[in-house]
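Below is one structure, written out as structure tokens, with a few remarks after it.
A quick note: this is a predicted structure, and the numbers were derived from the prediction, not measured.
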Amino acid sequence: MNNYSNTISELLKPDITEKAVVLDLFAGCGGLSLGFEAAGYKTYGYEMVPEAAATYNRNMEGHCFAHKLTVGFDYSEIESPDIIIGGPPCQPFSRFGNQEGFKDARDGFPIFIDAVKRFHPIIFLFENVANIIGRHRWYFDLIVNELKKESYHISYRLLNAKDYGVPQNRERLVCVGHRGGFSFPEAEKKQITVEEAIGDTMLDERPTDKILTPRMDEYIAAYEQKSHCITPRDLHPGQPARTITCRNLAGATSDMQRVKLPDGRRRRITVREAARLQSFPDWFEFEGNETRQYYQIGNAVPPLLAYKLALAVKEAYKAACEGTAVYYPETLFDI
């Protein structure tokens, strides 16, 4: 029995109690939406990858439409949303990408801003890589200035998923536009380890597992030496995992998310183990082949972090609707 797995499987069940409509742009397989549905909101998503949209529709109360979004897109399939959430594609800003920012055709921020200007939701939230306030800070400032024109208070903060019950060291920027009354959830003292998350399976070997060959082990050793890696990049039972990405789930041997078996051999983690490290419940099922499933998991917002953000959004939404919202600048990250 795995206590962590049991906890998230119960906590993250969709339980629709609220009347507000949530629109999730660039919804992926539904990590962000799952957190909001567990907090009581029925969500509607848009996602261009068919397998990801199919996964969303298999697990959610709301529906995901498999469309490619554009500025000026016709959202006639849904009611006017009260809350807009999303994870605009981060490849233009990731330090592992080409870092072309707004010049990159995959940049989803013009679409997100267009939706906010069209629907004027009570509150909106987006998530992106930390580098958007690093090298691309100038572009982030342009985004914020456009959104401020719609009379929102803008609060943003770098959050690490490991501080919110997710067994993974994953730092992301979260930005919220609100009418007052919003506060980010407080970081938690207890951090969940790899062993707590997948300890019931991580030492197992199945016929379908990918076991690394001695040649691969030699390659990894050379890679870690060249990159001055002091601690091997295997998953360490007593710590949260390193950041889960598409690249290190389905990609190169050198950076692969892997566990070390009792006999010293290494194996790639399974889809189910990767999902747990992202805080997806065991009942959440993924569509598509194994590679497509890994990509959906690596691209997702951890649902447990999304749930805790959704609870904070719920408080601010209610305060705004009741006319009791007050704006108290928390830090320099509130504008």
Side-chain angles (χ1 to χ4, degrees), residues 2-47 49-67 75 77-87 115 119 121-127 161 164-168 174 176 185 192 197 244 271-272 274-288 293 296-318 321:
N2 186 299
N3 290 333
Y4 164 77
S5 174
N6 291 340
T7 297
I8 61 174
S9 289
E10 287 299 317
L11 186 64
L12 295 176
K13 285 181 178 177
D15 181 22
I16 311 306
T17 59
E18 307 301 311
K19 293 181 179 179
V21 173
V22 176
L23 170 61
D24 188 352
L25 302 174
F26 316 102
C29 67
L32 194 52
S33 283
L34 180 57
F36 274 77
E37 290 213 341
Y41 294 106
K42 191 171 184 177
T43 62
Y44 295 92
Y46 283 87
E47 169 55 46
V49 178
E51 295 91 345
T55 294
Y56 187 116
N57 290 330
R58 182 170 184 167
N59 294 281
M60 302 293 180
E61 292 293 322
H63 185 78
C64 185
F65 302 94
H67 295 312
Y75 296 95
E77 297 153 308
I78 65 169
E79 303 173 56
S80 181
D82 306 289
I83 299 169
I84 295 179
I85 60 177
F119 294 115
I122 298 295
I123 191 167
F124 66 79
L125 176 150
F126 67 78
E127 178 259 12
Y164 298 92
V166 179
Q168 181 190 162
V174 177
V176 182
I192 303 298
I244 299 287
V271 165
R272 196 74 264 158
R276 276 204 202 163
L277 293 175
Q278 276 280 54
S279 73
F280 280 99
D282 284 356
W283 55 257
F284 194 98
E285 299 184 33
F286 298 88
E287 297 285 345
Q293 292 181 28
Q296 291 171 49
I297 293 166
N299 278 329
V301 176
L304 187 56
L305 173 60
Y307 172 70
K308 292 173 182 180
L309 288 167
L311 294 180
V313 165
K314 180 186 279 191
E315 290 300 313
Y317 178 85
K318 288 182 177 179
C321 291

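- Closest approach of Ala27 to Gly45, counting heavy atoms only: CB-CA, 4.0 Å.
- For the atom pair CG of Leu309 and CD1 of Ile85, the computed distance is 10.0 Å after rounding to the nearest 0.5 Å.
- Between the SG atom of Cys29 and the CD1 atom of Ile297 there is a distance of 7.0 Å, given to the nearest 0.5 Å.
- In this structure, the side chains of Ile84 and Phe126 stay at 4.5 Å or more apart for every pair of heavy atoms.
- The two residues Ala20 and Tyr317 make their nearest non-hydrogen contact at CB-OH, 3.5 Å.
- When all heavy atoms of Trp283 and Leu12 are compared, the pair lying nearest together is CZ2-O, 3.4 Å.
- A donor-acceptor contact shorter than 3.5 Å links the side chain of Glu47 to the backbone of Gly28.
- For the pairing with Glu37, the side chain to side chain contact (heavy atoms under 4.5 Å, CB included) check across Lys42, Lys13, Glu18 returns one residue only, Lys42.
- The NZ atom of Lys318 sits 13.0 Å away from the CD1 atom of Ile123 when rounded to the nearest 0.5 Å.
- Tyr4 and Gly165 get closest at one heavy-atom pair: CE1-O, 3.8 Å.
- Residues Met60 and Phe284 form a side-chain contact, since some pair of their non-hydrogen atoms from C-beta on lies under 4.5 Å apart.
- When Ile244, Leu277, Leu304 are each tested for a side chain to side chain contact (heavy atoms under 4.5 Å, CB included) with Pro167, only one passes: Leu277.
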As a quick check of understanding, evaluate side chain to side chain contact (heavy atoms under 4.5 Å, CB included) for Ser279 and Tyr164, giving each step before the final call.
CA-CA 11 Å; Ser279 73; Tyr164 298 92; over 6 Å; no
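- Aromatic ring orientation, Phe36 versus Tyr41: tilted (interplanar angle from 30° to 60°).
- Asn57 places no side-chain N or O within 3.5 Å of a backbone atom of His63 that could act as its donor or acceptor partner.
- Side chains of Asp24 and Thr43: no donor on one and acceptor on the other come within 3.5 Å.
- Rounded to the nearest 0.5 angstrom, Gln296 CD and Thr55 OG1 are separated by 3.5 Å.
- Taking the charged nitrogens against the carboxylate oxygens, Arg58 and Glu285 do have a contact shorter than 4.0 Å, which makes a salt bridge.
- Minimum interatomic distance between Ser33 and Tyr56 (heavy atoms only, all atoms of both residues): OG-OH, 3.0 Å.
- Ile83 is listed as a side-chain neighbour of Val313, based on a closest heavy-atom distance under 4.5 Å.
- Ser9 and Asp282 share no donor-acceptor pair across their side chains, judged by distance under 3.5 Å alone.
- Of the possible polar contacts, none joining the Tyr44 side chain to the Pro81 backbone as a donor-acceptor pair under 3.5 Å is found.
- Side-chain atoms of Tyr75 and Phe119, non-hydrogen and from C-beta on, do get closer than 4.5 Å to each other.
- The shortest non-hydrogen separation linking Gly86 to Leu32 is N-CD2, 3.5 Å.
- Note: His67 and Phe65 have parallel aromatic rings, judged against thresholds of 30 and 60 degrees for the angle between ring planes.
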Would Leu305 and Glu127 count as a side chain to side chain contact (heavy atoms under 4.5 Å, CB included) if you check the C-alpha gap in whole Å, the side-chain angles of each, and the deciding distance to 0.1 Å?
CA-CA 11 Å; Leu305 173 60; Glu127 178 259 12; over 6 Å; no
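- Gln278 contributes atom CD, which lies 9.5 Å from atom CG of Asn299 (distance to the nearest 0.5 angstrom).
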Would Phe286 and Asn59 count as a side chain to side chain contact (heavy atoms under 4.5 Å, CB included) here? Give the steps.
CA-CA 9 Å; Phe286 298 88; Asn59 294 281; over 6 Å; no
